[in-house]
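To start, the structure itself, in C-alpha cells.
Because the structure is a prediction, the values reported are computed rather than measured.
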Amino acid sequence: MLKGAIRRQRIRACLSGFHGPNVRAAVYRSKRYSATAATSTSTSTTHSGPGATTLFGGGSSLFQYPLIEELKSRNLAESKSSIHEKSFDQIDPSTDIPSGSSTNLGWSSSYDPVVRSPFAKDELHLNSLLEAMLTSKNFNRAQNVLHTLYSLLMSPDTFVYSLNRYLEAWGAEETVSLEDMEGLLKDMNKRYPSLRRNNRTYAILLAKAIDEHVHMDLIRALPRKTVRDMLTYVDVIGGDGLNTLFSTQEFTQDYVPDELMELFHLVRRETVTDEDLHSPSASSIVSASASASASPLSSPLSSSPLSSSPSSASLSSSITSSKETIPTLDKDSEDLLSVDSFGMQAIRSTLLGLQAESSESAKLMELIEELKSEPDSIIDHLLVQKRDYFAIYRSLKTPEQKKKFNELLELHNRERERELEIRGVDAAREKWKHEYEELIKRGAMQVSRNLNPLLYQWYSALLPYVVEEQRLCIDLVNGDVNYDELTAEEATQMKKRAHYAPYFVLIKPENLSVITILELLRLNSVGGIADGMRSTRAMVSVGKALELDYKAQELCKTERKKYSKLTKNQQDWKRYLGTRKDSEKKDSIVDNEWGSVVYSKLGGILLALLLHVAKVPVSYKDEATGEKHSMELPAINLTYQYLSGQKVGVLRFHKSLVRMMGGNEIANSVLPQLLPMLVEPRPWTAFNDGGYLYTPNQVIRIKDSPETFAYLKAASDRKNLDLVYDGLNVLGSTAWTVNKRVFEVIGHYWNTGEEFIDIPPIVEEPQMPPSIPHNAEPMEKFEYQKQVRKILNETAALKSQRCDINYKLEIARGFLGEKMYFPHNLDFRGRAYPISPHFNHLGNDLTRSLFLFWEGKELGVEGLRWVKIHLSNVFGIDKVSLDEREAFINKNLDHVFASARDPLNYDWWKKADKPWQALACCFELEEAYQLEDPTKYNSHIPIHQDGSCNGLQHYAALGGDIEGAKQVNLTPADKPQDVYQYVCNLVQKTVDKDAADGNEIAIFLQDKLTRKVVKQTVMTNVYGVTFVGAVAQIEKQLAQYFNKDEDDKLAQHARYLTGLVFQSIRELFEGAHAIQDWLGEAAKRISKSIRIDYEESTANNSNKPSHMSSVIWTTPLGLPCVQPYRVTKKQMVNTNLQDVAITDPFGAAPVDARKQMAAFPPNYVHSLDATHMLLTAKECGEEKMSFAAVHDSYWTHAVDVNQMGECIRNKFISLHSDNLIRKVKDEFETRYKGFLQVVHIKNESPAAKEVRKVRRALVKELGRALTVADEVYIEKKRQELLNSEKPNEVKAGQELITPVSVIENINIEQDIVSSSFHKGVQVLIPLKFPPIPDKGDFDISLVRDSVYFFS
Amino acid sequence: MSVRSLNPALLSHFNSYGLVKFTQGFKNVMQPVILQKIIDKLDLKSKYPESSSMDIIDIFPGYGIFSSMINYELKPKHHLLIEGNKDSAAMWKERISHLENKSFNSEHFEVVNKSGYSWTTYDDLTKEKIINPTFQSFDKPHDQLLIVGNLTSNFGESLFTQWVMCSYYRNWLHKYGKVRMLVLIPQESASKFITMSGYSKRNKSACKLEILTNTKLIAITEHKDRSKPQGASYDPRVLIRDQPLILPNSSVIPSGGQVALVEVVPKNIPELDMALLEYIIQLFMYKSTMPVDYMLEYISPGAREQLGPKLPAHLRTKQVKLLTGEDYLEIYNVFNAWPFKPTLQETMGITLEDTREL
DNA sequence: TAATTCTCTACCGACAATATCAGTATATACGGA
DNA sequence: TGTGTATATACTGATATAAGTAATAGAGAATTT
C-alpha cells in the first residue's frame, strides 16, 4: 500500500517536470495574458464606447511606438544556408557563412525547453561529414568542416563537442603529440575567443598525456573536481589509461570519482597481490551480472576466474574456424528443407562457432559435460552438438544448476552476441562462399535452385566494382583527383561521387557488397510492389543498413580501445566501465545520422553496381525446334510503375529469381542486423542508449520529425523518462526461446507447399480465366481484366506472404534452442514494440505460437487452471466465465492430448480460433499431464490477459460512463461482458422498432444483425472512424445479402445501420464521447492556432498565417508525445539509379491540422494504455514475474496470472485516479499560452462590428489592406509592451487597441460560426480551451474486483 | 453570315431557353455561326451521301446546339440523344414535343435517358431495337453511322481513350465498322493526344491514337493568353496539317473554357498483343529523353542485351520521344517474338494490397 | 469578401512519386577598354 | 585590371502520369470571382 503511494508520487513529480522554470524564461516575462485581460476589462469598455473616435489612446499619432511605420517597412530576413546540399569538397569556412541568426525558434511553442536551430540540417550534415573525415583520417578536411560548423552553432558550448571529436581522433594518431594538441587548442582559442574547453577536452588531453607519461603534470594543473569529472569519460581515457593512472602512486584517491573508486582499489590491490583475483567467490559475483547490467556499478567487486585469453583474438579467428564446423553442426536441415537459409546458417554458425575460442564458452561446455555425466541425465551427445541450450536447461533439476547454467550461458552468449552484431555480415559471406564451392565441386551450378551460391556469384562480381568505386572515393576524399584530367562526363560523375564518397570509404568493400545484397533480398515485396520493391525504399534501406553496420563497428572499436591491452580481469573491467556508448553523443543537438540524402546516394551507387552484375540463370524452350536453351539474364532491373496515377521507381526481380526465393526448396538469406539478442539488452539509460550492445538505436521511433526528437531529448536529459525506461527494460529482460515442437509442426506443413491455416501455398502458375474473344464487348473486357487482376493479385499476395513467413521461420530456426531477448522501443505515443523486425511476439497467431518463456515456473493449481483458460481463449471460447472455460477444456482434455500427440493427423486443434497458439497450449497441457501431478509441471508457455476493447476501457474510465464501464468489464460481473454484442442488441432494438413502423430497410435487416456486423465499427470508433468509413465497413459485412448490381441498395442499408451503430455507441459511452469530442476540439484549436512570436517569412500569403503548433502532451510517465503531422516538403535527390523524393524533415513546416485533429483522441488514449502497460511492466518486473505485452495484451507465466491481474487492475485504478483530462488541459494552457486562434463570428454580432471598426482605422493609417499577419504582428507588439519592464510601455500597451484587444473580453462563444458559413467574419481571439465535460459517476475503484477486466 | 444548318423550327425554343447555365461540368460551343463553320469544314454531306438512312448517336449532347445543327445538316433516320442527366433529358423531351408541333419531329430526335458512360446503355439500343445499323467493311469508314460526343467533363479524357480502344477492338459501336467520331474534348486533352513524334506533350494515349486511328483537329479555341500566338498549346505540325478553325473564347460556356473538336476515324489494324504494346509505350514514356536502347532494360531484364542488337541502328539510338507509331510497332514486334517478354503480371502492374485480417 | 469547387474520409507499428520542360537566376567566357 | 555582355549552367515551379466516376455526405480547405 505504502509502496504504491510512493510510486504514485514519483509519477506526479515527473508529470510536472516538463514545464517549470523554463516557462518563466520564455519570451514573455512574468505577466501573462490572463493577467492583462483582467486589468483591461474595465478600460476596454471605455475604449469601445462611442466617444473613442481615435482608436489609439487619445492622441492622433500612434503613441511613442512607431507601430505603423514598422508594419510598413517590415521586411523579414530568413535565416538561410545551403551548406547541407554541399559535398565535402565544396565546404569552405571562409565563404560558407549563413545569413541570419541562429536563434532558437522552438517548435510548437517557445515555452518548452527544446532547441531548434535554423541550421540544424547543415549542422547535421557537417557533423556527419566531420565524423566521416575523422574516421578516414582526413584531418585537413575535417578541420575545414569544423570551422564551418562553428559559424552555424547557436552556442560555443555546442561547438566544443565537435571540437572534441576532432581532437580525440586526431590525438589518437601516434605522430601527434600533446604539444601539438595544446597548440591546436590555443590556435582555436585565438580564432574563437569564446571557446571554452570542457571536461571531455581535458580527458582527451589526459589520454595523450598518459601515453607520454606526463599525466601527473596535467592533473596537478587542474582542480580536483575537474579531474574527477574528466575521469568519467572512460571511453576517451580507455581502460589501459585508467590502469596506468591508477597505478601511478602520486595519483591519490581524492582524484578518483565515486563510480570508479572500486576499480581504483582493485588496481591498487592488484599491484599488491595477484592472488585475490582468483578468489573462490567468483561465481557469486558473476551471478549478479544478469541484474547488475541494469546498474553495473552497484554490483560487488570481484574478479572472475574466467578471463585469461584476450578476446580480440577470438574475434578475428572465430569466423574462419566456425566455417569448418558448419557441416557437422548443421541441425535439422533434413527436417526443414524449405527454411534452409544460408544466412541463418551463417548466423547459427556464428552462434555456434565460438565455443573453443573463448574461455566463457569453454567453461559452459565444461559445465554441460559435467551435467551430462550425472546419473539419469537426459543430455545426450546430439543435444550438445545441436546446442539445444533450452533442452539442456530444461533438463536441469536443481535451482543451483539452473542458476549456474544461466550464468555461464549469459557469458558465453555475450561473446556470441558481439560476434553477431559485429561479424554477422562476414559470416553470411563465408557461408555463401562455402556453399558455392561445394556446388562447384559437385559441378551442379546450373541446375541448382539454391540461392546462396548465386548470391556468392553476385558478391564476387560486385566486389571488384565496389573496390574500384571505393578507390575512386578515397582518391577524391584525399584530394588526389585532378578534375582537369577528366572528361566532362567523368567530372560530372566525380561531382556526384563527392556527395557520398566520405561515407563510402568508411566501410570495407566486402561489407558494402554483402549488406547491399542482403538488404535487397529482405525487402522483397514490401511497399505494395509484387516481386520487387520501391527503389527509393531499397536505396534508403541499404544506406541505413550500412550506417548501422558502420556505427556498430565503430562502437566496437571504441570499446576495444577501452580494454585493448588489458589481459587481466577483462570481465570486471567491462562490468565496471559498462558498455556505455559514446557519452558525447548525448550532448549534441541532433543525433548524428547520415540522413536520407546520404542513404539514398549510397544505396543508389551500390544498387546500380549490383544491378549491373547480378545475373540469374534462365532457360526456355524454343517453340519451333523444341530445343532447350539456357542463359543468364540480369536478375534485377530498374523500372517504374504507376501507383494511382503516380510514377514510382521500382526494382523488380526476375521471375526466375523470385521462383528461387519463394519456392519450398530455398529460403532467403537473412541480414544479420537487429535480430533477437542472445543476452539481455543493455538497459535504456538515455534516449539513444540502450538495447543492442553495439548497434545504435533510439528509444522512440521517430520518422522525419526533429521536433519529436527535440522533445524527447529534453525530457531524457532532464531524467523525466526514467520510469519509462524502467518499464521498457522489464520488457527487454524477458528471456524467450523458440517452441520447438510447434516449429516442427509448422515446418512439416510448410514443406508440403500446400495451403494450411496461416501458411499460403506455393503457386507456380496462376490459373487464368478462359480467354475472351478479341472483339468482346467493353464490359466483358473490363470484367475479364478485373478477374485476371484479382487472380494475379492473389497469387502475388500469396507469394509475398510465403516469403514473409519464410523469413520469420528462418530467424526462428536460427534461434532454436537458444535463449533470446527482445530489446524494445516506443512509438511516439509510448506504445512499446520489439526493435527486432519480422520475428517477434507481436506477430500473427503462427508467429506467436513459437514463443516460450525461457524460464519455467511450476504451474500450481491456479497455473494449471490458467493454461486451460488460455487454451479455451485461443480456441475461441472466451465469452463465458472462467470456470466454464476451464470446464470446456476439461471436457475436451482427450482432444487436447490427442492433438498434442499427433498434431498432423488429429484435427481438433485446427478448428481453434487461433490454431497455432492452441497447439502450443495442447503441447503444454499434454506434457503437464504426463506428470503424476500436473500442477508440478514446469511451465514455459506465456498466458495472455487481454483488455476487452482496451481503448473503450480507458475512455469509459475517463468519461465515467456507468453502463459503458460495465460493458467493457470495468465492473465486476459473473461473466465477461461483450460490448460488441451489447451494441448489436441496442441496434437490434431500434431496428425492431423501425421495422414495426414499417421501415422497409429495417424489416430487411431485422434478422441479419450479428455481433460481427458491428464489431469493426465499434472498434474503429475509438480511432475516430467517420460516418463514410463506417458505412464502408458495414457494407462489407452486408454485401453477402445483395446482388452485385444492387450497390445502391446495399449502400442505403449500410448507411441506415451505420447511423444506428453510431447512435448506440454514443448513448452507451456518453461521457467517453464527450471526452473524445473535447480532445478533438482542443486539438483543433491548437493545430489552428497562431503563434504570435513566430514570424512568417513568406509575405505572399500573409492573409493565411500558417499554423505551426503540434499537439503536444506529456503522459503520466513523463513521456512527451508530439504529434508528428506536418505538411512534408519533398526534396529531389539525384542518385545513380534515379531521382528520388525524400521528405525534408527540417522544413519549418506548418502542421497538418486535419490529421492533428483526427488523430489526437486515439493517440491520447493510446498514450494512456501505453502508460498503463509500462506501469504494469515495471511492477511485474519488481515482483520477479516474466512479462511481455502486445499493447493491450499482457503475458506472463500461468502461475503468475492472478498476481499480474491484480497488478493490471491496480495500475489502471491509480492511473485513472488522477483527473487526467484536467492535467492535459492545464498543460495545454501553459504550453499554448498567448497563442491566437482564428474563428469566424457572425457578421452582425457586436464583436464583429468592433473588429471592423479597428481594422478600418488601421487600414486608413497604413494605406494598404490589413493582412492577418499584420494583425498578429500588432498583437505581438501589444503583448511585448504589456509585458515590458518599463511602466510607460506597459501603459502604452494597455492603451493600444488592436483587433484582438477589442474582443478579448467579449464573450463571443455564441457568435462563432463555421468557416463555411457565408455571413461570418474572420477574427483572431486568444486561444482558449473549452471547459472539461462533466464526468459520469462510475467509481474507478470497482475495477479492483473485476475479474474480466483483462482476461 | 448564313447559318444554313440551324433548324429554324428550333429557333424559338432556343430563344425561350436563353443561354443556359446548366453545363453539368461539360463545356460547350454555343454560337451557331461558329458551329456552321465547323460543319462546313467537316464536309459531312460528302462523307454521308445517303444521310437520310443513317443513324447518329449523340452522347452527352447537353444543350445541343451543335447536335441540332448536325441533325439539320444530315437529316438522319435516327438521332439518338444519350443523355443521362435528368434536366438535360427533360429539356430535350420538351424540345422534341416542341418539334412535334412544328415538324412532327421529322428530325427524328430520340432521347435515351441513360448514362452515356455506361456500356449497357448501348447494348440496350440494339436489344430494344431502337436502331439497327448495318455492318460494314473495315476497308473504309462507315457511311451510315456517326458518333457525336461531348467529352469535356472530368471523366471525358478516360472515356475518350476507351472509345478509341473500342475502335481497335471492334466492339461497342465500332463493331459495325470504322465509325467516325466527332468529339469535343478539353484543350488539355487535345493538345496531348493529337501530336506527332517529338512534341513534348505527347503521351501514351497520343501514340495509341496515332497507331490506331486517323485523328484530326477540326477546331480549337483561342489561346487564353492573348500574348501567345493562336494554337500555342498545340503541336505546330498538327496545326499546319489540320488547319483547325479557331473559335473565339466567347463562343464557349462556361466562358473561357478551352476545348477542341476532333474527328476520329479508326484505322484497320490487325490483332496485336495490346497489353504488351501499351506496356512498351508506357515504360518508354517514363524517360522520354533517353534513347531506345537504354530504355529497353526498363521493360524487362536482359532486353537491352538481347533485343538491342535486333533493332535497326537508327531506332536504337533514337530518343524515345521521337518515336513514331510505326517505330513502336517495329519495337513491339521484336519484343513479341522474345521468349522472355513481359508477362501479364508485369504488363498489368500488379500491386499488393494490405492483406492483414481486420 | 463571397461563392464555388475540390478533397477526404481509422490510430499506431511500416514512410517515401518523378521526369521533363519552361522560365529565370547565376556563373563563366570572352572581348574590348 | 576592372567592367560589360553573351552564353552556359543551375535552380524553381508547373505539369502530367492512370483510366470505370466504385458507392455515398458533409465538413473544411482551396480556389475563383
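Here B:Leu159 lies in heavy-atom contact (under 4.0 Å) with a base. As judged by a 4.0 angstrom heavy-atom cut-off over every strand, A:Gly649 is placed among residues touching the sugar-phosphate backbone only. Looking at heavy-atom distances under 4.0 Å, A:Tyr640 makes contact with sugar-phosphate atoms alone, never a base. When heavy atoms are screened at a 4.0 angstrom cut-off, B:Lys201 is found touching no nucleic acid atom at all.
Proximity note for A:Tyr833 (side chain, C-beta onward) versus D:dT24, C:dA17, C:dG13: the nearest is C:dG13. In the set C:dA10, C:dC12, D:dT24, D:dT24 carries the atom at the smallest distance from any side-chain atom of A:Val1028. When each of C:dA10, C:dC12, C:dC15 is scored by its nearest atom to the side-chain atoms of A:Thr1026, the top-ranked nucleotide is C:dA10. Set against D:dA16, C:dA10, D:dG20, the side chain of B:Lys192 has D:dA16 as its closest nucleotide. In this structure, of C:dC11, D:dA23, C:dC21, it is C:dC21 that holds the atom nearest to the side chain of B:Ser200. Nearest to the side-chain atoms of A:Gln646 among the listed nucleotides C:dC12, C:dG13, C:dA17 stands C:dA17. Distance from the side chain of B:Gln282 is smallest for D:dA19 among the nucleotides D:dA19, C:dA17, D:dT21.
The separation between B:Leu283 atom CG and D:dT17 atom P is 15 Å, rounded to whole Å. For the pair A:Lys1129 NZ and C:dA17 P, the computed distance is 16 Å after rounding to whole Å. A:Arg831 places its CZ atom 13 Å from the P atom of C:dA14, with the value rounded to the nearest Å.
Spacing between C:dA14 and D:dT17 at atom P, rounded to whole Å, works out to 35 Å. The separation of D:dA6 from C:dG31, taken at their P atoms, amounts to 13 Å, rounded to a whole angstrom. Comparing D:dG13 with D:dA29, their C1' atoms sit 22 Å apart, to the nearest whole Å. Nucleotides C:dC6 and D:dT15 place their P atoms 16 Å apart, quoted to the nearest Å.
Pairing partner, C:dA2: D:dT32, with both Watson-Crick or wobble hydrogen-bond distances short of 3.5 Å.
Within 3.5 Å, a donor on the side chain of B:Glu157 pairs with an acceptor on the base of D:dA19, or the reverse.
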